Amino acid sequence: MKTLSENKCFGGVQGVYSHASKATNCDMTFGLFLPQEAKFGSVPVLWYLSGLTCTHENAMVKAGAQSWAAQQGIALVFPDTSPRGEGVADDDDFALGQGAGFYVNATEQPWAPHFQMWDYIAHDLPSLLFNNFALDEEAQAITGHSMGGHGALTLAMAQPDRFASVSAFAPITSPTTTDWGQVQLAAYLGEDQANWHRHDATLMMQERGFDGPVLIDQGASDQFLANLKPEALSHAMAARRQDGVFRMQAGYDHSYFFVSTFMEDHVSFHAEALYGLS
């Protein structure tokens with residue numbers, strides 16, 4: 001692991017690091033904010049998965065999460081959204097290839113050699129983090145935006161013993177039924193749609209739900225509503241009687257102005273679950 005930068009931030013440290021990933025078979029970069037409490041012992045962890053075209057840096061500099069995480073004594077992890085570099089497959093479509101890993105393990109060529117983002121977030125990066133930083137492996141929560149919201153929800157429901165809570169900003173909720181999903185899932189996982197279902201938050205909510213609280217914020221003026229299909233997940237949560245809140249926010253779009261507006265709510269939501277507050 002290499003330290004690329006470390007800056008004091010709200011009493012803690014915002015770092016950027018790179019490492020050779022066994023999962024993606026290339027070097028990966030991630031951001032990690034450690035609150036000042038990490039000097040004295042392990043702290044809870046909130047994972048933030050970013051959306052299409054983003055790197056580790058977008059949320060790290062635009063979401064305004066560090067100030068709220070510092071108040072709660074929570075660490076923030078900002079992974080990259082895909083493998084990158086020479087020899088890593090790419091595509092002219094912004095929604096496929098580098099910057100668009102979709103948090104799946106690709107089985108198809110040319111993606112399979114590197115695009116193993118599910119394993120990277122589920123196993124590879126956590127192993128590195130908990131072996132090298134003062135983080136509490138027993139106190140994890142996860143959130144994300146757009147494609148990252150899709151990843152946060154599907155990972156949380158597939159790993160129910162790992163995360164205390166899950167939230168999402170404008171998640172892609174039903175990729176098996178929309179353009180933002182069908183093309184990508186077919187490219188990465190092949191044409192057999194049975195292999196797509198574990199990466200569809202609405203289907204997973206219908207089948208298993210999440211054993212913990214869920215918070216979803218969606219901008220009502222989001223320019224990508226047709227591909228996000230918030231109503232699909234909302235209906236699935238209601239039908240399952242899922243412990244959670246789904247909020248349509250009038251006038252807000254898909255941008256980081258939207259994300260940063262409600263970030264305090266999400267960090268506080270996760271802090272309550274992580275610390276077991278009433």
Side-chain angles (χ1 to χ4, degrees), residues 4 14 16-18 21 23-24 26-32 47-65 76-106 108 110-111 114-118 120-121 125 142-155 167-175 178-189 199-201 217-219 221-230 252-263 266:
L4 303 183
Q14 175 62 64
V16 178
Y17 309 91
S18 68
S21 167
T24 65
C26 66
D27 287 347
M28 298 291 291
T29 301
F30 66 92
L32 174 65
W47 293 75
Y48 183 101
L49 305 186
S50 292
L52 288 167
T53 75
C54 291
T55 69
H56 70 281
E57 190 175 33
N58 294 73
M60 192 178 79
V61 301
K62 292 182 179 180
L76 299 168
V77 182
F78 303 102
D80 203 348
T81 57
S82 78
R84 299 179 192 271
E86 186 176 353
V88 176
D90 202 6
D91 195 274
D92 291 336
D93 183 350
F94 78 94
L96 191 65
Q98 295 187 35
F102 254 78
Y103 305 102
V104 304
N105 284 340
E108 305 300 300
W111 314 108
H114 299 286
F115 281 72
Q116 305 295 311
M117 287 301 294
W118 180 277
Y120 180 67
I121 302 297
L125 185 54
I142 190 166
T143 187
H145 174 225
S146 193
M147 179 186 74
H150 137 81
L153 288 163
T154 54
L155 279 154
S167 72
F169 302 86
I172 300 172
T173 71
S174 185
T178 62
D179 290 342
W180 269 11
Q182 290 179 336
V183 172
Q184 291 78 11
L185 293 177
Y188 291 138
L189 302 177
H199 300 291
D200 186 301
D217 272 312
Q218 172 63 63
S221 295
D222 194 312
Q223 58 271 45
F224 301 114
L225 282 174
N227 274 322
L228 300 174
K229 294 192 74 170
Y252 286 91
D253 58 17
H254 199 70
S255 70
Y256 268 97
F257 296 110
F258 157 65
V259 173
S260 61
T261 298
F262 298 102
M263 181 56 70
H266 284 246

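Since the model is a prediction, treat every value here as computed from it, not as a measurement.
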Novice: Is there a side-chain contact between V104 and L185, using heavy atoms and a 4.5 Å cut-off?
Specialist: yes
Novice: Can you name the nearest heavy-atom pair linking A59 to S50, along with the distance?
Specialist: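 Shortest heavy-atom contact: CB-OG, 3.8 Å.
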Novice: Measure up the Y256 and H145 rings against each other and bin them: parallel (under 30°), tilted (30 to 60°), perpendicular (over 60°).
Specialist: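 Y256 and H145: perpendicular rings.
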Novice: Can you name the nearest heavy-atom pair linking A95 to A100, along with the distance?
Specialist: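 Between these two residues, the closest heavy atoms are C-CB, 3.5 Å.
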Novice: Counting only N and O atoms by type, is there a donor-acceptor contact under 3.5 Å from the side chain of S167 to the main-chain atoms of T143?
Specialist: no
Novice: Among Y103, F102, W118, find the residue that satisfies the ring pair (Phe, Tyr, Trp, His ring centres under 6.0 Å) test when tested with H199.
Specialist: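 Exactly one candidate clears the test, W118.
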Novice: Kindly say whether A106 contributes a backbone atom to a donor-acceptor pair with the side chain of Q116 at under 3.5 angstrom?
Specialist: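 Answer holds: yes.
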Novice: Looking only at heavy atoms, what is the nearest atom pair of A170 and L228, with distance?
Specialist: O-CD2, 3.6 Å
Novice: Between T173 (side chain) and K229 (backbone), is there a donor-acceptor pair under 3.5 Å?
Specialist: yes
Novice: Given 3.5 Å as the limit, does a donor-acceptor pair link the side chain of D91 with the main chain of G97, or not?
Specialist: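 The answer is no, because no donor-acceptor pair under 3.5 Å joins these two groups.
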Novice: Looking only at heavy atoms, what is the nearest atom pair of H114 and P83, with distance?
Specialist: O-CG, 3.5 Å
Novice: Using a 3.5 Å distance criterion without hydrogens, assess whether the side chain of T81 forms a donor-acceptor pair with backbone atoms of G101.
Specialist: no
Novice: Specify whether F169 and F258 have parallel, tilted or perpendicular ring planes, treating 30° as the upper limit for parallel and 60° as the lower limit for perpendicular.
Specialist: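 Perpendicular.
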Novice: Mark yes or no for whether Q182, through its side chain, and D179, through its backbone, hold a donor-acceptor pair below 3.5 Å.
Specialist: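 Answer holds: no.
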Novice: Can you name the closest pair of heavy atoms from A226 and T178 and give their distance?
Specialist: O-CG2, 3.9 Å
